[in-house]
Trainee: 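Before we start, here is the structure in question, set down as structure tokens.
One-based numbering along the sequence shown. All figures in this text were calculated on a predicted structure; none of them were measured in a lab.
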Amino acid sequence: MAGKLTQTQIIATLADRTGMAKKDVKGFLGDLATLAHEEARNNGEFTIPGVGKLIKQQREARTGRNPRTGEQIQIPARTVLRFRIAKAAKDAVLAG
């Protein structure tokens, strides 16, 4: 397959590789996404073995600079969601 995989193509490929019905694969991926969202919200992280980890992270308030005027501004504290790539994924993608 050339180019980026669409959701439909991902579902079709996984269905072919696993022998599952496309409807079941789509439901599984939806359930996996829902579980990832819930776990990251409640526990602060969610790991997909071999792929990576979703991590909820608190950023502290800091002083920034307006790039247009150069004036200092206060950036408030906030919570962000990060994704850390697993070493196995890095090695598999970047090898060779």
Side-chain angles (χ1 to χ4, degrees):
M1 293 181 173
K4 298 179 195 174
L5 289 177
T6 64
Q7 179 178 344
T8 303
Q9 291 169 327
I10 292 170
I11 290 169
T13 301
L14 288 173
D16 288 343
R17 289 185 183 184
T18 63
M20 294 172 62
K22 289 180 185 179
K23 182 179 179 182
D24 294 337
V25 172
K26 185 175 182 178
F28 173 80
L29 289 176
D31 290 344
L32 179 63
T34 301
L35 178 63
H37 302 161
E38 290 171 355
E39 288 297 310
R41 182 184 315 114
N42 297 332
N43 298 324
E45 65 180 48
F46 178 77
T47 302
I48 302 171
V51 178
K53 181 188 289 190
L54 276 175
I55 301 170
K56 188 166 78 169
Q57 193 173 51
Q58 184 66 33
R59 283 193 183 166
E60 294 182 13
R62 63 190 193 277
T63 301
R65 190 169 298 276
N66 182 329
R68 180 170 283 170
T69 64
E71 160 188 7
Q72 285 192 349
I73 57 173
Q74 196 60 27
I75 301 170
R78 65 182 180 162
T79 303
V80 296
L81 190 62
R82 297 274 200 200
F83 188 79
R84 283 208 186 122
I85 305 296
K87 184 178 183 326
K90 284 182 194 176
D91 293 345
V93 172
L94 302 177

Trainee: I'd like to check the side-chain hydrogen bond (donor to acceptor under 3.5 Å, both in side chains) partners of Arg41; sequence neighbours left out, ordered by chain and number.
Mentor: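 Arg41 satisfies side-chain hydrogen bond (donor to acceptor under 3.5 Å, both in side chains) with no residue once adjacent residues are dropped.
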
Trainee: Mind checking what makes side-chain hydrogen bond (donor to acceptor under 3.5 Å, both in side chains) contact with Asn43, not counting sequence neighbours?
Mentor: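 By the side-chain hydrogen bond (donor to acceptor under 3.5 Å, both in side chains) rule, Asn43 matches Glu39.
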
Trainee: Say you draw a straight line from CD1 of Ile48 to CD1 of Ile85; how long is it, rounded to the nearest 0.5 Å?
Mentor: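 Here the interatomic distance stands at 9.5 Å.
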
Trainee: Excluding sequence neighbours, so at least two apart, what forms side-chain contact (heavy atoms from CB on, under 4.5 Å) with Ala36?
Mentor: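 If we apply the side-chain contact (heavy atoms from CB on, under 4.5 Å) test to Ala36, skipping adjacent residues, the hits are Phe46, Leu54.
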
Trainee: So Ile11 and Phe28, do their side chains get closer than 4.5 Å, heavy atoms only?
Mentor: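 No. Closest side-chain heavy atoms not under 4.5 Å.
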
Trainee: Which pairs with one or both residues in residues 44-54 pass salt bridge (charged side-chain N to carboxylate O under 4.0 Å, His left out), sequence neighbours excluded?
Mentor: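 Residue pairs with at least one partner in residues 44-54: Glu45-Lys53.
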
Trainee: Tell me every residue that passes side-chain contact (heavy atoms from CB on, under 4.5 Å) with Thr8, counting only those two or more places apart in sequence or in another chain.
Mentor: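 In terms of side-chain contact (heavy atoms from CB on, under 4.5 Å), with neighbours along the sequence ignored, Thr8 is linked to Thr6.
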
Trainee: Using every non-hydrogen atom in the two residues, find where Gly50 and Ala89 come nearest and quote the distance to one decimal.
Mentor: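 Closest heavy-atom pair between Gly50 and Ala89: O-CB, 3.5 Å.
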
Trainee: Could you list the donor-acceptor pairs under 3.5 angstrom formed between side-chain atoms of residues 66-81 and any protein atom two or more places apart in sequence or on another chain?
Mentor:
unit_1: Asn66; atom_1: OD1; unit_2: Arg68; atom_2: N; d: 2.8
unit_1: Asn66; atom_1: OD1; unit_2: Thr69; atom_2: N; d: 3.4
unit_1: Thr69; atom_1: OG1; unit_2: Glu71; atom_2: N; d: 3.2
unit_1: Gln74; atom_1: OE1; unit_2: Thr63; atom_2: OG1; d: 3.3
unit_1: Thr79; atom_1: OG1; unit_2: Gln58; atom_2: OE1; d: 2.6

Trainee: Please, which pairs that meet salt bridge (charged side-chain N to carboxylate O under 4.0 Å, His left out) have at least one residue in residues 54-67, sequence neighbours excluded?
Mentor: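 Checked against salt bridge (charged side-chain N to carboxylate O under 4.0 Å, His left out) - neighbours excluded - no pair reaches residues 54-67.
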
Trainee: Sequence neighbours left out, cut at 3.5 Å: what donor-acceptor pairs do the side chains of residues 15-26 make with other protein atoms?
Mentor:
unit_1: Thr18; atom_1: OG1; unit_2: Leu14; atom_2: O; d: 2.7
unit_1: Thr18; atom_1: OG1; unit_2: Met20; atom_2: N; d: 3.2

Trainee: Could you tell me which residues satisfy side-chain contact (heavy atoms from CB on, under 4.5 Å) with Thr34, sequence neighbours excluded, listed by chain and number?
Mentor: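 Expected list: Glu38.
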
